[in-house]
Amino acid sequence: MHAGTVRANLAGRFRDLDLADDAVGDALMAATETWTSDTVPRNPAAWLQTTARNKAIDRLRKAGRVDLIETDEPSTAGPETPQRDERGIIDADEGEDLGDQRLRLMLLCCHPAIRPSDQVALMLRLVAGLTTEEIAAAYVVPRETMVRRITRAKDKIRKARIPLTLGSRISEREHTALAGIYLIFNEGYLSRGSQRGAHAPDLCEEAIRLATIVTSTDDPSAEAIGLLALMLFVHARRDARVLNDEIVGLDDQDRTRWQLTDVHEGNRLLAAALAQMSPGPFQVQALIASHHSNARIAADTDWPAIVALYEQLQLLDTSPVIALNHAVAVGRADGPLAGLEALRSGEELDDYYAYHLAYADMLESIERYPDAAAAYTRALELTNNGAERVKLRARITALQP
Amino acid sequence: MLYTVLLYDDPDHHDDFAPGTPEFDETVAAWTAFNKSLADRGHLISGARCTNAPTSVFLSVDGTRQIVDGPHAETKEQLGGFYLIAAADLDEALVLLESAPVPAGAFEIWPVMFPLDPTSL
């Protein structure tokens with residue numbers, strides 16, 4: 001995907017995300033107008049880089065910002081002339097050695113002055129290269145809402161002069177970027193089987209692509225690798241998760257539909273991450289996911305090991321959702337009464353459908369059917385996902401006397 | 001690039017040292033040193049320290065003008081003062097503020113569209 005790299009290069013060069021974005025758009029337009037099957041340039045990436053840079057200069061000239069144009073740049077260079085900025089950004093900060101300019105752009109989107117939901121939208125727009133329409137479709141919001149959000153974020157960067165340099169806080173930014181990528185993945189995961197529209201991009205795939213960028217440096221962090229492994233383990237199960245428009249739980253999934261290449265890649269990555277001896281929450285979650293994804297049949301799942309891993313995870317991350325998952329694992333390892341005990345000792349997540357789903361499941365297994373039906377009903381009230389609703393309605397119906 | 005920096009004191013942590021006490025002198029010395037460091041490097045354009053809260057008056061303009069007893073802020077933080085500073089970008093502004101001797105409170109950093117200079121009006 002050359003456009004992302006070109007966009008990143010220009011953003012660093014001109015310190016202006018908007019300009020970079022528009023210039024790449026101009027160049028792509030020029031490509032569609034001037035390239036024919038006979039005249040595709042020998043080196044399309046170089047052509048795109050040079051053309052986009054020239055378009056950026058044109059825009060600056062029109063806006064009277066001649067001060068930002070370097071005087072030694074030959075603006076009459078032909079499309080095949082190699083340009084020195086194709087190696088990367090000219091004046092990278094001291095201590096920055098990230099290799100991939102798309103990673104740099106990703107970290108720039110994660111400045112703490114930008115709110116997390118905007119960071120995510122910027123990453124999808126500028127690094128993953130999704131159009132605003134595609135992002136809006138993926139998040140099921142009107143196009144205008146997404147346009148406003150991205151415009152506001154870019155405006156803030158410009159007006160507050162949020163710098164497009166990374167300084168010394170790369171590891172903090174990476175942590176933010178990983179969190180944002182995981183949010184994108186979860187959005188994609190939760191919306192599978194819902195009415196997102198046939199052409200909405202698969203956010204799980206975009207998240208995996210973004211994480212691949214983060215891990216393709218010379219020295220990727222253990223947590224970044226762990227996140228990628230986690231997502232691959234979960235994504236491996238995508239073709240078994242929805243059947244006949246209904247969500248299928250892990251116990252009932254047809255494991256022959258799991259993508260084993262993704263599982264193997266996840267195993268390889270997880271081993272590499274753990275070898276760094278630098279533990280963290282994404283690695284623990286990846287370990288949990290690897291237990292599920294490596295079990296050939298549901299009965300092979302090592303639930304006691306998973307319980308122990310959730311206990312480790314709770315030391316690193318006190319989110320009530322993790323406590324909920326721990327309680328579910330306890331229910332599977334030690335029986336539903338133990339699970340209910342664990343569930344009750346945690347926070348009651350009344351607004352979270354998965355909480356009620358877990359509660360209902362445990363109640364059903366100890367034959368408290370009316371209470372189970374009530375809990376399934378509450379879960380139904382809390383989810384818009386079509387495939388989830390089908391499953392919940394089926395469970396409620398099955399419990400009717 | 002100019003920024004207006006609002007300094008909010010946390011009244012629960014605000015140490016109200018009386019003039020003449022060593023703590024008061026220390027606080028004054030710390031702030032003087034900080035302000036001087038901003039000025040020496042050309043970052044300080046203007047600023048002011050406000051009296052301790054809650055002494056503000058809130059004037060709203062919406063058709064008519066209405067004054068009520070302040071402070072308006074719903075949070076417990078009170079405006080301690082403001083700076084008008086010059087910095088290359090937001091990150092430099094943040095770095096400049098790192099050495100401000102604030103025990104507890106907050107800064108709100110607003111980008112300036114244009115400053116006012118009374119001598120040129």
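Chain naming here is simple, since letters A, B, ... match the order of the sequence lines and numbering starts at 1 in each.
In this structure, the portion of B/Ala88 lying under 4.5 Å from any heavy atom of chain A is its backbone and not its side chain.
For B/Asp40, the side-chain contact (heavy atoms from CB on, under 4.5 Å) partners at least two apart in sequence or on another chain are B/Lys36. Applying the side-chain contact (heavy atoms from CB on, under 4.5 Å) rule to B/Thr21 yields the partners B/Phe17, B/Ala18, B/Glu23, B/Phe24; only residues at least two apart in sequence or on another chain are considered. Remark: A/Ala207 engages A/Ile181, A/Ile184, A/Phe185, A/Met231 in a side-chain contact (heavy atoms from CB on, under 4.5 Å) (not counting sequence neighbours).
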If the cut-off is 3.5 angstrom, what donor-acceptor pairs do you find between chain B and chain A?
{"residue": "B/Tyr3", "atom": "OH", "partner": "A/Ala160", "partner atom": "O", "Å": "2.7"}
{"residue": "B/Ala88", "atom": "O", "partner": "A/Arg161", "partner atom": "NH1", "Å": "3.3"}
{"residue": "B/Leu90", "atom": "N", "partner": "A/Arg161", "partner atom": "O", "Å": "2.9"}
{"residue": "B/Asp91", "atom": "OD1", "partner": "A/His111", "partner atom": "NE2", "Å": "2.7"}

